[in-house]
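Here is the structure we will look at, set down as structure tokens.
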Amino acid sequence: MKEKKKHIAILGSTGSIGTQALEVIANQKELFEIEVLTAHSNCELLITQAKKFKPNVVVITDQSKYKKVNNALFDLGIKVYAGKEALAEVVEMEDIDLVLTALVGYAGLKPTIRAIKAGKNIALANKETLVVAGCLISLLCKEYGVSIYPVDSEHSALFQCLVGEENNAIEKIYLTASGGPFRGWKKQELSTVKKEQALKHPNWDMGAKITIDSATLMNKGLEVIEAKWLFDLKAEQIEVVVHPQSIIHSAVQFEDGSIKAQLGLPDMKLPIQYALGFPERLKNSFKRFDFLDYPHLTFEKPDRKTFRNLDLAYTAMGKGGNMPCILNAANEIAVAAFLKDEIGFLNMSDLIANCMEKITFVPNPSYEDFVETDKQTRILANKLL
Ligand code: NDP
Ligand code: MG
């Protein structure tokens with residue numbers, strides 16, 4: 001008889017999503033078994049996690065940290081590998097049932113493709129993978145019979161609203177956005193903001209890259225593209241609504257006009273648990289939402305003139321091909337530069353728009369075209385800084 005436990009690989013276990021996923025799993029030990037944990041360079045936390053969860057394998061992509069991790073885990077019989085290629089290889093391990101992609105940025109693309117080709121279902125936090133190569137990923141999922149369970153709170157909300165609606169068409173979706181720390185701010189005020197201000201998100205505690213993306217509205221732009229691929233939607237079916245309380249995580253409108261929404265406190269553990277446990281809802285003791293604590297749920301239009309990234313993402317999605325890949329790579333360089341105080345808050349959008357104009361457009365890109373586009377865009381963006 002097959003064992004009931006789901007065997008999980010967590011790529012990026014030391015990050016915000018990765019550590020919360022381990023919290024979820026620690027509370028549901030009878031349901032999950034950890035097979036693989038990975039980190040980029042945070043070897044101390046990776047070692048602590050490995051000692052606690054006893055995976056079969058850990059990967060540290062920063063090769064210089066290999067010795068330290070291996071010395072710490074060798075006696076426990078945990079295999080330790082290093083480097084990017086190892087990350088892509090371990091997802092193919094036979095015992096894995098589900099791969100949680102909780103690493104940040106373009107680095108998620110290759111291991112996700114390898115996992116899909118090995119027939120592993122994906123719990124997807126790494127939205128950049130779908131932004132860069134949504135078309136390719138969707139085709140591969142069909143070809144290999146693989147499911148993607150969204151972890152992003154908005155997409156988890158949509159996914160939950162769609163359970164039982166397989167035969168009913170979606171008229172449109174409402175993707176909610178908190179508006180970030182600078183909601184209501186104008187260009188002049190934004191021109192001088194510093195990373196310390198941008199890193200203070202009002203509702204969510206997340207990794208640095210996505211926190212900056214939330215402040216610029218690029219996160220919502222990336223999520224629009226993510227939603228297109230996850231739910232097979234056209235641009236005009238995706239509407240962004242600013243909802244500062246982050247209680248309604250998103251909503252689906254059907255062809256009879258009825259709207260289903262999913263609500264809850266802003267806590268990523270719930271969407272993470274739903275993706276890991278799907279199709280079951282697992283009992284937990286997370287704090288419950290109380291309507292009386294939120295007598296005013298409010299909604300506004302996003303300020304697309306001030307926060308240009310949202311429109312840049314819609315433009316990239318409309319053009320298709322390698323344009324979202326260009327958008328993503330330029331954004332990764334822009335955010336990294338902003339975090340090093342090398343460019344201003346508003347210059348991030350200029351840099352992205354500039355790359356979208358200058359990099360060669362490829363209408364039907366292959367995997368190799370995405371790799372080349374990512375590389376060329378990073379070179380150009382670094383030059384333009
Ligand atoms: P973090 O920055 O907190 O964590 C990133 C993880 O990926 C860490 O384990 C990090 O290792 C690892 N990592 C970083 N760079 C690389 C690399 N080049 N190669 C391999 N591994 C790498 O990010 P988050 O957890 O905030 O976000 C992860 C993903 O989930 C992102 O795509 C984000 O958009 C998405 N997401 C996050 C949400 C959140 O609440 N945080 C909400 C919705 C989506 P190390 O610690 O060693 O650096
Ligand atoms: Mg989100």
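Whatever order the structure lists them in is the order used to number ligands and atoms, beginning at 1. Computed from a prediction, not measured in an experiment: that's the story for all the values here. Every heavy atom of this structure was used, including side-chain atoms; hydrogens, water molecules and symmetry mates were not. Residues: numbered from 1 along the sequence shown.
Of the possible polar contacts, one joining the Asp97 side chain to the His7 backbone as a donor-acceptor pair under 3.5 Å is found. Between the Lys6 side chain and the Leu276 main chain, a donor and an acceptor come within less than 3.5 Å of each other.
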Derivation of the side-chain hydrogen bond (donor to acceptor under 3.5 Å, both in side chains) call for Asn219 and Glu223: CA-CA 6 Å; Asn219 183 49; Glu223 290 184 356; 3.1 Å; yes

Between ligand 1 and the protein, which N/O pairs fall short of 3.5 Å?
unit_1: ligand 1; atom_1: 3 (O); unit_2: Ser16; atom_2: N; d: 2.9
unit_1: ligand 1; atom_1: 9 (O); unit_2: Gly12; atom_2: O; d: 3.3
unit_1: ligand 1; atom_1: 9 (O); unit_2: Thr14; atom_2: N; d: 3.3
unit_1: ligand 1; atom_1: 9 (O); unit_2: Thr14; atom_2: OG1; d: 2.7
unit_1: ligand 1; atom_1: 9 (O); unit_2: Gly15; atom_2: N; d: 3.2
unit_1: ligand 1; atom_1: 11 (O); unit_2: Thr14; atom_2: OG1; d: 3.3
unit_1: ligand 1; atom_1: 11 (O); unit_2: His40; atom_2: N; d: 3.0
unit_1: ligand 1; atom_1: 25 (O); unit_2: Ser16; atom_2: N; d: 3.1
unit_1: ligand 1; atom_1: 25 (O); unit_2: Ile17; atom_2: N; d: 2.9
unit_1: ligand 1; atom_1: 26 (O); unit_2: Gly207; atom_2: N; d: 2.9
unit_1: ligand 1; atom_1: 30 (O); unit_2: Ala125; atom_2: O; d: 3.4
unit_1: ligand 1; atom_1: 32 (O); unit_2: Glu128; atom_2: OE1; d: 2.7
unit_1: ligand 1; atom_1: 41 (N); unit_2: Ser16; atom_2: OG; d: 3.0
unit_1: ligand 1; atom_1: 46 (O); unit_2: Thr14; atom_2: OG1; d: 2.6
unit_1: ligand 1; atom_1: 47 (O); unit_2: His40; atom_2: N; d: 2.9
unit_1: ligand 1; atom_1: 47 (O); unit_2: Ser41; atom_2: N; d: 2.6
unit_1: ligand 1; atom_1: 47 (O); unit_2: Asn42; atom_2: N; d: 2.7

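Both Ile96 and Ile113 belong to a common hydrophobic cluster when Ile, Leu, Val, Met, Phe, Trp and Tyr are linked at side-chain heavy-atom distances under 4.5 angstrom.
Between the side chains of Gln245 and Thr298, a donor-acceptor pair is found at a separation under 3.5 Å. Counting only N and O atoms by type, the side chains of Asn203 and Ser178 include no donor and acceptor under 3.5 Å apart.
If you take CG on Leu124 and CD1 on Ile137, they are separated by 8.5 Å, rounding to the nearest 0.5 Å.
Neighbouring protein atoms of the Mg ion (ligand 2) (N, O or S, distance under 2.8 Å, waters ignored): Asp152 OD1, Glu154 OE1, Glu223 OE2.
Taking the six-membered ring where the residue is Trp, Phe231 and His155 present parallel rings, their angle staying beneath 30° rather than reaching 60°.
Between Lys186 and Glu189 there is no salt bridge, since no side-chain nitrogen of the basic residue lies less than 4.0 Å from a carboxylate oxygen of the acidic one.
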